[in-house]
Amino acid sequence: MDITIRIGGEAGQGMQFIGSALAGIFTRRGLHVFTHQDYMSRIRGGHNFYQVRFSDRPVRCSREKVDILVALDGRTIEVHRDDLDPRGIVLYDERMTRSSYPEPRFKNIPFLALTEELGLAPIMANSAAVGAILGGLGLGLDTYAPVVDELMGKKGKEVAASNLRVARAGSDHVDKMVWPGHLRCGEPGGPPLLLLNGSQAIGTGAVVSGCRFYAAYPMTPSTGIMIHIASRAKAHGIVIEQAEDEIAAINMALGASFGGVRAMTGTSGGGFALMVEGLSLAGMTEIPVVIAEVQRPGPATGLPTRTEQSDLLFVLHAGHGEFPRVLFAPGTPEQALYLTNKAFDLAEKYQIPAIIQSDQYLADAEWSYPKLDPAPLRCLDYRDRATDGDAADYQRYRFTDSGVSPLAVPGLSPRLVVVDSDEHDEEGHIIEDAETRRRMVDKRWRRKWPALRAEIAQPLLYGHDRPELLLVGYGSTYGIMHDAVDILGENRAAAMLHFSELWPFPDPALGDYLNILRQARLAICVENNATGQLARLIRGETGFEFPAFLRKYDGRPFLLEPFMDEIHGLIGKI
Amino acid sequence: MDITIRIGGEAGQGMQFIGSALAGIFTRRGLHVFTHQDYMSRIRGGHNFYQVRFSDRPVRCSREKVDILVALDGRTIEVHRDDLDPRGIVLYDERMTRSSYPEPRFKNIPFLALTEELGLAPIMANSAAVGAILGGLGLGLDTYAPVVDELMGKKGKEVAASNLRVARAGSDHVDKMVWPGHLRCGEPGGPPLLLLNGSQAIGTGAVVSGCRFYAAYPMTPSTGIMIHIASRAKAHGIVIEQAEDEIAAINMALGASFGGVRAMTGTSGGGFALMVEGLSLAGMTEIPVVIAEVQRPGPATGLPTRTEQSDLLFVLHAGHGEFPRVLFAPGTPEQALYLTNKAFDLAEKYQIPAIIQSDQYLADAEWSYPKLDPAPLRCLDYRDRATDGDAADYQRYRFTDSGVSPLAVPGLSPRLVVVDSDEHDEEGHIIEDAETRRRMVDKRWRRKWPALRAEIAQPLLYGHDRPELLLVGYGSTYGIMHDAVDILGENRAAAMLHFSELWPFPDPALGDYLNILRQARLAICVENNATGQLARLIRGETGFEFPAFLRKYDGRPFLLEPFMDEIHGLIGKI
Amino acid sequence: MALSEKFKGQTPAWCPGCGNFAILNVLKRTFEAMHLEPHEITIVSGIGQGAKLPHYTRCNTFNGLHGRTLPVATGLTLVNPLTRIIAIAGDGDCYGEGGNHLLHTIRRNPNITLLVHNNQVYGLTKGQASPTSVPALASKIQPFGNPSEPLNPLALAIALDCGFVARGFAGAGGLPHLQKLITMALEHRGFALIDILQNCVSFNKINTFHWYKEHTYFLEEGYDPGDRQAAFARSLEWENGIPLGLFYRREKATVEDRLPRGDRESLTAPPFLSAAAVADELGRFF
Amino acid sequence: MALSEKFKGQTPAWCPGCGNFAILNVLKRTFEAMHLEPHEITIVSGIGQGAKLPHYTRCNTFNGLHGRTLPVATGLTLVNPLTRIIAIAGDGDCYGEGGNHLLHTIRRNPNITLLVHNNQVYGLTKGQASPTSVPALASKIQPFGNPSEPLNPLALAIALDCGFVARGFAGAGGLPHLQKLITMALEHRGFALIDILQNCVSFNKINTFHWYKEHTYFLEEGYDPGDRQAAFARSLEWENGIPLGLFYRREKATVEDRLPRGDRESLTAPPFLSAAAVADELGRFF
Ligand SMILES: Cc1ncc(C[n+]2csc(CCOP(=O)(O)OP(=O)(O)O)c2C)c(N)n1
Ligand SMILES: Cc1ncc(C[n+]2csc(CCOP(=O)(O)OP(=O)(O)O)c2C)c(N)n1
Ligand code: SF4
Ligand code: SF4
Ligand SMILES: [Mg+2]
Ligand SMILES: [Mg+2]
């Protein structure tokens, strides 16, 4: 079983409610779920959709073909009818679409009328849609109530109860309909699964890493991280500050980290552009900070609510002057969680900025997991929190073999913490002489580099261990490459090589990936951008030249069927 | 003849006056000159120096060994005595140094007393120093008056006349001294030479390219460009605006360019960091703009008045999203002039941002030239300045084969110029659909790229045409590599490969440089930074791996003797 | 007066009921009443709901970055005197991200009319507190309300001696008044700020259309906008009624007054120097 | 009172005669008089001449970027209540590059004392006009003088209802007065701004030490800093005498009042969650 439901309509019509309710119900029933969202940069009107794929096996990307299209307006049918699977169905209410469709696969269900009959507000018609789908799939309404309770949050029990009545009406209505047998679920077994998106995962990663300060300026698609952390702020005493601009946000985070706590900021490409000077400040002052950069298509304002992987080389090289940094690009919410934790760990251990790069697709896409294991989380405190000591004992930038100097907390003891954006001596005071300058560069960069580089994991090889066909990518293309390899692997030696720890670049001498790249008959570099930034990075770091590329730069993620077609096209050319 | 004079003292003592006066006089006498400055980030006190090298042959870098050290304070002697050539001399006034030095090569000259005897202010003692040197060199005071007149500017004839009297006293005093014969000039012939530094060259490049708007926020070492353009603003109707910050500066420049004129901004690394979002805006809106980025050692505030080449990869990749840009790194004032002109030309022709990267060394170092030829300057107007036409005829982003669309001037005709930082349609209005997005990316980037890349010159090969020893660098290391090749070339097949047009990266297929790199027995990548950014770029773009590196990252430029030593060290290791 | 097609643009992507529609309408009416042609106008805007406005009419347009409206408009006016320049920004755009530019644009006094669509919230990014939000405004990132005090843009502008400081309301009774304000601003020599109260139906449930309607009133006839002290005092009124109108006006030199050659001719000609002038520039270093 | 060694720092790199020396001295005296220890103080500064100050005394120091003093200080105060936080900035630093942060820091009202070393010029970068420069100030990039009007920081702060707004002078007669102002500011709960007139011997030949001495006077005894209107009126005085003193004061809630746990204990302990809390966070997505 592998069913895709797409819910389309205007912004504000409630596609997100329908989709989230379904996804939540499926995972509670132990079904594997993958969802993704496609929305315009407007609050009402236009055309948005929410897509839920679910299966009894794990699913990691979206399909293009739709099994159940839920149309909350006529435009949805126009836009998506060509994506309908030949055996798929459309659920619509002719009062909402303003026309009716005679073909049998178009199921006119009076969502609005069912709601009105119960004397309830038209917006609850969305629950009728949820009920209808659950009824049709044969899943019943067992887990409906708790999921909707949670979605409704503060709005209270009464609303939830009314929603349940409407859902039941929808479900009952469908019972009387012909529903294609291949779109029925049987009784899914399995314990409930977790469901979370990339933003929640990064936010959770921060919370469990002991982040105590998050400052940011709102910017789609990064705001979800701040929303998640804000929702946990009271429980854990986390300070959340909406800054006046991104420059303030990163400088506040550095002020807070200087103050003795783990601190973070987050933004999208345009906001990150404004943080670049602050990033360089983190480099010079050796103040740990974690930054989430959630990409959207650029340049400039670009497509604010859509997805792209086009800031890799920008973020990697951002900041004037030379200083070490860490750059991670998780491919899944699970990786996002653990890499955020690792980012905090390395930022604090090496006193450097660590950047998590995400994108709108990863930020909003929901994945299901049986559980998230606390064991891999690394929680070590590297700060010097002594409350005694003498001012004379302490130098913020003491020269050490590792390049890392003790990091004390201002005010906790008589020791003085002096940091400086100018080149400085061991105490942190301004210097201009050549010798101290040279030694400080060595301390900040050369001495830290080997140990830092050794922390970096090799890229992940999934599939055949000596593949002839190799898909190579980073960040949010993980899911599509993984599922493609599962399909391709049936006929040939196929694998995926996924980079999620991008800088320091994984040392080819410590693993086998360069050989794997070289021996593949066809290595395809998959990127959600126009210029092939990962390919350029790999060429620069390893000398490897890709023979083939698969790129997409229309603001949309890769979808499974066209992705497979393109791969077959590339294979054909060999 | 090849003589180096170093003038040291506290900020505010007037080393710059002495140095500039000497350099100006030398070039008027037809001598070749190279000067460089070393100053602290303070207005008074501390220790600064100004170095003037002159010769009857062209000179292109500074030497470490000093022939004539002019010490305006005791510290100068402490700091620089080890750099004195065994046959060199020190000129000082014991009242200024507060101690006297018995060795014969230390010449105690009463600069202050000579001035006081004439009843003039102590600051004019600097003229006594100039006079003493000119007297000692045997050059006389012929060209003294016009040079000092010009240096003094508004301060008027009277001051200049007094200065001349002091200079004569200095010269007369020296006449009675023993002055080493090898430090006498004879009668230099030759017509006068021009003398200009990198900032003046970039400024002049802008003026002769028709730049009509320059907005910037003061930042060392970029302010010199603004000062030069401001000095020519009245003559050519150039609008100069000091912005409230660098973000405003680049956005003003884009507003002005949109308004129909050639526009420019300039800054150093930290200020450029703040311009990154605006750079991306230039990319999206396809508004021509020229940006000068004058490097100083980073990260953050770093060493504000010193030199480094550490922003190459940062500037090359700056900006979220993908868009074409031009990046030039001139190595000499002459290159700076012509490349600034080329930057304006390409920015306007392809409607893209063009960046000139300089550094403190190039900005402040003065070079002498027989003349600057107007012939290579390219002055073509690519704007559509028609004053008639119909609104319906015009689309700011019309799809064309070249990717370049007509650029009209708002208000000149009924045609409407609509530009947008969001992804847009041909008219410039916001769109969100995948198809228009894809086509616009193709227009902005893919279509322009081949023609743009074809504009780029190959790197400059100087020296042997099939070198076994090859020095490779970019930007301000030009002079030192050139002069080193002249020396090395006496014994072996040596050459320099200098990159000044860095992006689009010169196509190796259109020239021979990759073969030259490959066939050299020893190719040394010379960079004024710690991490080897040019080497990384070349590896990424060509696959070539350098066997040897020569790097300096203490905020100071390479000097000839230690540079030669290091090269010999590297040769020895082969 | 029905609107002609002359200023008809794209279909707005605003929520039904949004106050931006009223501002758009008044602006088009003002253009028509002033007999302006589309190409005689340039609207510079940033990013936000209000900032989408230029697409919904017809004129030269520079829809730039969030917060950067004023420097773009300044660069434009410094070189090109051919169009009337209107800057359009949101309260987040202009008082938040772009706050610094407001201070310094007032100091420069360029010939620009700034309309701030002040809905006291971040609309486009879904309801976070803006610099003018009231403390009670809560959002997903400010679950307990907005911790900062609202910024008073009129008091700020008067403190900086901005030459034209006004407040309008994007609502029924306010529309002819708003049109009058915008007309006066466009006719004012120098920088003019109109802060326009505008309801956001989706995210500001406190300062609604009706709330504004009930809490605003027009400055009395005979109010003297020449008195800076009085203007400052009136700009502080809020709790007991929000005055609408022209608070302060003073004519003074504009930045364009020192323009070297912002004329039509310099824009129709290629920008190059004569050969003699080039030779002179290249020969200045002897 | 002679100064002890306690607050002795590096040798200043300022020009002889610079007003910054006086400010440094007063500050050290204030620390001593208030019986503060070096580690009980943090100075956050930007880039400029005045911003070098913390190196010339002894205390915790964050000498950050040009213009970004206030956000750093804000981040610090939001998590660490252990030190008195003094922000030091130049007029270019704070009113130019960092102008936006000033607006929003006033709105937040954190417990920070801001001293602006206002020499009405860019000192470190050699004499360009600053936001407070008078029109007559000329420089190599403003050969015909400064085209913008000077910004009035006191009027601005009063317009934004900043809780403590004062002006001092770094000169002989003004020093005990300045010390009093700084002491009051450090004792004030919330954000306090002291704009300090300071001569720059190298680049400001208009507003010299003597010019300031002749043009300044102290606000009269009995002046009531509680009256915002009066404070605004007095803040506009300049041509006929520049008042020194505390113009405006109002106590109100600070941003720290809403701190979840800015306490000493949270800073001495590693920042991690209990295993149960981690399990709870990881299990929230069912
Ligand atoms: C540098 C940058 N930061 C953040 C954003 C995201 N953003 C777009 S509009 C906006 C705020 C909108 O609020 P406002 O200016 O009040 O306009 P409104 O939508 O309320 O009309 C934000 C934060 C952005 N586009 N660019
Ligand atoms: C981003 C950035 N832009 C510009 C500079 C250069 N800069 C350093 S200090 C300064 C201005 C100094 O003026 P002010 O703040 O008034 O301090 P003062 O030196 O007068 O005390 C400038 C423009 C910088 N360091 N960083
Ligand atoms: S969100 Fe608010 S401001 Fe934006 S369009 Fe909707 S109602 Fe208008
Ligand atoms: S330049 Fe001016 S402000 Fe800077 S140290 Fe010298 S006198 Fe003081
Ligand atoms: Mg708003
Ligand atoms: Mg200053």
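Worth saying up front: this structure is predicted, and the values here are computed from it rather than measured. A, B, ... follow the sequence lines: proteins, then strands. Residue 1 opens every chain.
- When each of B/Val315, B/Asp433, B/Ile431 is scored by its heavy-atom pairs under 4.5 Å with chain A, the top score falls to B/Asp433.
- Per-residue counts of heavy-atom pairs under 4.5 Å with chain A were compared for B/Gly319, B/Ser41, B/Gly543; the largest is that of B/Gly319.
- Considering all non-hydrogen atoms of both residues, B/Pro299 and A/Gly283 come closest at CG-C, 4.4 Å.
- Put simply, the side chain of A/Arg446 reaches to within 4.5 Å of the side chain of B/Tyr553, judged on heavy atoms.
- B/Glu541 touches chain A through backbone and side chain together, each having a heavy atom under 4.5 Å away.
- Under the rule for a salt bridge (Lys or Arg N to Asp or Glu O under 4.0 Å), A/Glu78 has no partner lying at least two apart in sequence or in another chain.
- Contact annotation: the side chain of B/Asp420 never approaches that of A/Thr301 to less than 4.5 Å [non-hydrogen atoms, C-beta and beyond].
- Comparing A/Leu281, A/Thr285, A/Thr531 by heavy-atom pairs within less than 4.5 Å of chain B, the highest count is held by A/Thr531.
- With sequence neighbours excluded, the residues that form a ring-ring contact (aromatic ring centres under 6.0 Å, His included) with B/His47 are B/His80.
- Between B/His320 and A/Phe314, the ring planes lie tilted relative to each other; the angle falls in the 30° to 60° range.
- For the set B/Leu537, B/Asp442, B/Thr542, the entry with the most heavy-atom pairs within less than 4.5 Å of chain A is B/Asp442.
- When B/Arg444, B/His424, B/Met284, B/Glu432 are compared by the number of non-hydrogen pairs under 4.5 Å with chain A, B/Glu432 comes out ahead.
- Of all heavy-atom pairs spanning A/Ala434 and B/Asp554, the tightest one is O-CB, 3.5 Å.
- The two residues B/Ser421 and A/Ala300 make their nearest non-hydrogen contact at O-CB, 3.5 Å.
- Heavy-atom distances place the side chain of B/Ile247, and not its backbone, under 4.5 Å from chain A.
- Taking the side chain as every heavy atom from C-beta outward, B/Gln533 and A/Glu322 approach each other to under 4.5 Å.
- Taking B/Asp422, B/Val276, B/Leu313 one by one and counting their heavy-atom pairs under 4.5 Å with chain A, the maximum is reached by B/Asp422.
- Applying a 4.5 Å heavy-atom cutoff, the residues of residues 303-312 of chain A that approach chain B are A/Leu303, A/Pro304, A/Thr305, A/Arg306, A/Glu308, A/Ser310, A/Asp311.
- In this structure, A/Arg539 contributes its side chain and B/Gly540 its backbone to a donor-acceptor pair below 3.5 Å.
- The salt bridge (charged side-chain N to carboxylate O under 4.0 Å, His left out) analysis of residues 272-286 of chain B, with sequence neighbours excluded, yields the pairs B/Glu286-B/Lys443, B/Glu286-B/Lys448.
- Comparing A/Gly270, A/Gly278, A/Gly555 by how many heavy-atom pairs each has under 4.5 Å with chain B, the most go to A/Gly270.
- There is no contact between A/Ile538 and chain B, counting heavy-atom distances below 4.5 Å.
- Between A/Arg437 and B/Pro297, the closest side-chain pair of non-hydrogen atoms falls below 4.5 Å.
- Side-chain contact between A/Arg438 and B/Arg556 is absent, with no heavy atoms from C-beta onward closer than 4.5 Å.
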